[in-house]
Amino acid sequence: RTAMLSGYCQAGRIAEARLLFDDMPKRNVVSWTAMISGYSQNGKLNLARKLFEVMPDRSEVSWTAMLVGYIQAGHIEDAEQLFNAMPEHPVAACNAMMVGFGQRGMVDAAKAVFERMQEKDDGTWSAMIKAYEQNEFLIEALSTFRDMSWRGIRPNYPSVISILTVCSALAILNYGREVHAAMLRCSFDMDIFTVSALITMYIKCGNLDKANRVFNMFEPKDVVMWNSMITGYAQHGLGEEALGIFNDMTIAGMAPDGITYIGVLTACSYTGKVKVGREIFNSMCKNSAIRPGAEHYSCMVDLLGRAGHVDEALDLIKNMPVEADAIIWGALMGACRMHKNAEIAELAAKKLLELEPESAGPYVLLSHIYTSTGRWEDASKMRKFISSRNLNKSTGCSWIEYDKRVHLFTSGDILAHPEHAIILKMLEKLDGLLMESGYSADGSFVLHDIDEEQKLHSLRYHSERQAVAYGLLKVPEGMPIRVMKNLRVCGDCHAAMKLIAKITSREIILRDANRFHHFKDGFCSCRDYW
DNA sequence: TTAGGGTTAG
């Protein structure tokens with residue numbers, strides 16, 4: 001009888017479950033708990049709570065079922081209260097509480113529960129790792145994963161996925177490879193969820209070949225896996241390849257979803273395929289089950305604007321059936337920056353200010369626009385405003401993985417690295433070589449560079465250049481130098497990278513905030529279109 | 001009868 005009751009609950013047939021419950025001649029803790037769990041899993045928290053209050057005895061499981069209901073509904077305060085009132089704290093309840101704290105960004109609270117637990121299971125560890133990962137405590141996530149392995153606890157699915165996500169974010173390819181090896185040992189390479197995370201890890205670490213190999217080997221693929229590969233090629237600026245996968249996907253009979261279209265349109269945008277992009281967008285509007293949303297319009301604004309059709313992009317915004325959000329205005333602003341369209345840039349920046357008053361980008365752009373159009377007073381007002389308010393202006397940093405360690409560089413502070421002496425020497429040597437080949441740093445990127453990494457020293461100390469210099473010193477000949485940057489690469493550094501790759505005959509793979517640049521032989525895979 | 005999973009545009 002209780003089994004049937006929970007069967008109804010799991011199928012969401014709560015009313016029938018309740019009838020059965022009321023009809024039961026004998027009810028025990030288990031059946032009461034099943035009913036509570038049914039209500040709380042289906043969002044009927046008040047009913048669950050009523051039963052919980054009147055039930056004759058409560059087991060640990062009843063408490064936990066009630067707790068999980070609150071957490072899943074996002075009522076973290078109620079959950080916390082209940083948790084504190086519990087006579088005992090079973091592992092399942094602690095784990096659930098940690099997940100709840102993690103989802104609400106309360107990492108310290110999750111950690112406090114974690115540390116107080118006498119008994120931990122694999123779920124405890126993965127809940128802690130996930131809380132760190134989702135709140136961008138990436139180093140803590142890694143060390144917790146290490147700690148877990150040292151204690152001989154085998155990784156489980158959620159922890160493997162979390163840790164792959166961390167590897168993707170930090171672009172630590174070698175660590176990611178080790179996780180891949182561990183996956184093979186645990187047969188997690190058969191699981192579609194972890195394999196998708198694995199593909200994304202290889203893509204975000206800049207190793208497309210490996211991503212492609214894993215992708216090709218896995219059958220049957222689901223839509224997410226196809227999407228991972230399409231967006232991966234898009235990020236690397238490989239438009240043809242992305243469209244090829246999209247085509248294969250259609251042949252395989254897999255229906256695209258909204259994210260597929262984001263990936264394909266981005267691929268077109270990054271590679272200047274305006275015609276194909278338009279066709280795909282039109283066919284999506286006409287005969288697809290997926291209606292284009294704000295995210296697709298933003299891809300189109302980006303596609304048109306990037307290609308120089310800034311007016312058309314603005315028209316599209318004016319005529320589209322959805323409300324323009326910050327992302328759309330941001331895409332338009334980016335296009336104006338690229339094509340130096342001060343007039344529309346001002347409009348876009350002002351719209352953006354209304355929607356996101358806390359971000360520094362639009363203010364910085366506006367000040368550049370005012371400067372370049374001779375509106376000195378407006379420009380200085382804007383600059384004062386930027387410095388007077390504590391706006392979200394992240395400092396630029398770049399990093400490189402070497403010898404199982406992440407080496408971090410920031411623009412102003414090269415002395416922070418223990419090996420700064422040889423790095424500085426290398427930077428100076430590069431300067432000499434760049435000069436010889438006719439390179440000169442110019443200031444024509446003012447309108448171009450919105451992220452404005454603080455230029456405390458001269459341009460050559462930008463963080464990405466420090467990281468590349470370090471890579472040149474350490475990464476063995478013949479291996480590509482993989483550098484990551486948290487912001488968009490600056491135009492000046494982009495030009496320098498092309499030359500550095502040529503002069504030193506090295507391949508440099510740079511991941512910036514948006515996409516990848518593969519520098520080789522004096523050229524970049526983005527063909528300066530980024 | 002209790003928790004825990006992947007992809008996304010600027």
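Chain identifiers are assigned alphabetically (A, B, ...) following the order of the sequence lines, protein sequences preceding nucleic acid strands; residue numbering begins at 1 within each chain.
Judged by atom type and distance alone, A:Asp122 reaches the base of B:dG4 through a side-chain donor-acceptor pair under 3.5 Å.
To the nearest angstrom, C1' of B:dT2 lies 10 Å from CD of A:Gln72. Taking atom OH of A:Tyr8 as the reference point, atom C1' of B:dT1 lies 18 Å away to the nearest angstrom. Distance A:Gln134 CD to B:dA3 P: 17 Å, rounded to the nearest Å. For the pair A:Phe83 CZ and B:dA3 P, the interatomic distance rounds to 15 Å; values are reported in whole Å. Summarising the geometry, the separation between CE on A:Met97 and P on B:dA3 is reported as 14 Å, rounded to the nearest angstrom. A:Leu5 has its CG atom 11 Å from the P atom of B:dT2, to the nearest Å. If you measure from atom CD1 of A:Ile328 to atom C1' of B:dG10, you get 10 Å, rounded to the nearest angstrom. A:Asp325 places its CG atom 14 Å from the P atom of B:dA9, with the value rounded to the nearest Å.
Among the nucleotides B:dT1, B:dG6, B:dG10, the one closest to any side-chain atom of A:Lys130 is B:dG6. When distances run from any side-chain atom of A:Ser6 to the nucleotides B:dT1, B:dA9, B:dT2, the shortest one goes to B:dT1.
A close approach under 4.0 Å does occur between a side-chain nitrogen or oxygen of A:Gln41 and OP1 or OP2 of B:dA3. Within the 4.0 Å cut-off from OP1 or OP2 of B:dG10, at least one side-chain nitrogen or oxygen of A:Arg306 is found. The side chain of A:Tyr270 places an N or O atom within less than 4.0 Å of a non-bridging phosphate oxygen (OP1 or OP2) of B:dG10. In this model, the phosphate group of B:dT8 is approached by a side-chain N or O of A:Lys204 to a distance below 4.0 Å at OP1 or OP2.
As judged by a 4.0 angstrom heavy-atom cut-off over every strand, A:Gly123 is placed among the base-contacting residues. When heavy atoms are screened at a 4.0 angstrom cut-off, A:Glu356 is found touching base atoms of the nucleic acid. The residue A:Asn28 sits apart from the nucleic acid: no heavy atom pair falls under 4.0 Å. Nucleic acid contact class of A:Val61 (heavy atoms, under 4.0 Å, all strands): base. Here A:Asp302 lies in heavy-atom contact (under 4.0 Å) with sugar-phosphate atoms only. Among the heavy atoms of the strands lying under 4.0 Å from A:Asp222 is at least one base atom, whether or not backbone atoms are also near.
Side-chain contact annotation: A:Thr250 with A:Asn247, donor-acceptor N/O pair under 3.5 Å absent. No side-chain N or O of A:His236 forms a donor-acceptor pair with one of A:Tyr270 less than 3.5 Å apart. Checking A:Asp121 against A:Asn95 by side-chain atom types alone, a donor-acceptor pair falls below 3.5 Å.
By the 5.5 Å and 30° criteria, A:Tyr157 is not stacked with the base of B:dG5.
Atom OG1 of residue A:Thr200 and atom CD1 of residue A:Ile161 lie 10.5 Å apart, to the nearest 0.5 angstrom. Distance check, rounded to the nearest 0.5 Å: CG of A:Asp122 to CZ of A:Arg154 gives 10.0 Å.
A:His89 and A:Phe83 have tilted rings, their planes meeting at an angle from 30° to 60° on a 0 to 90° scale.
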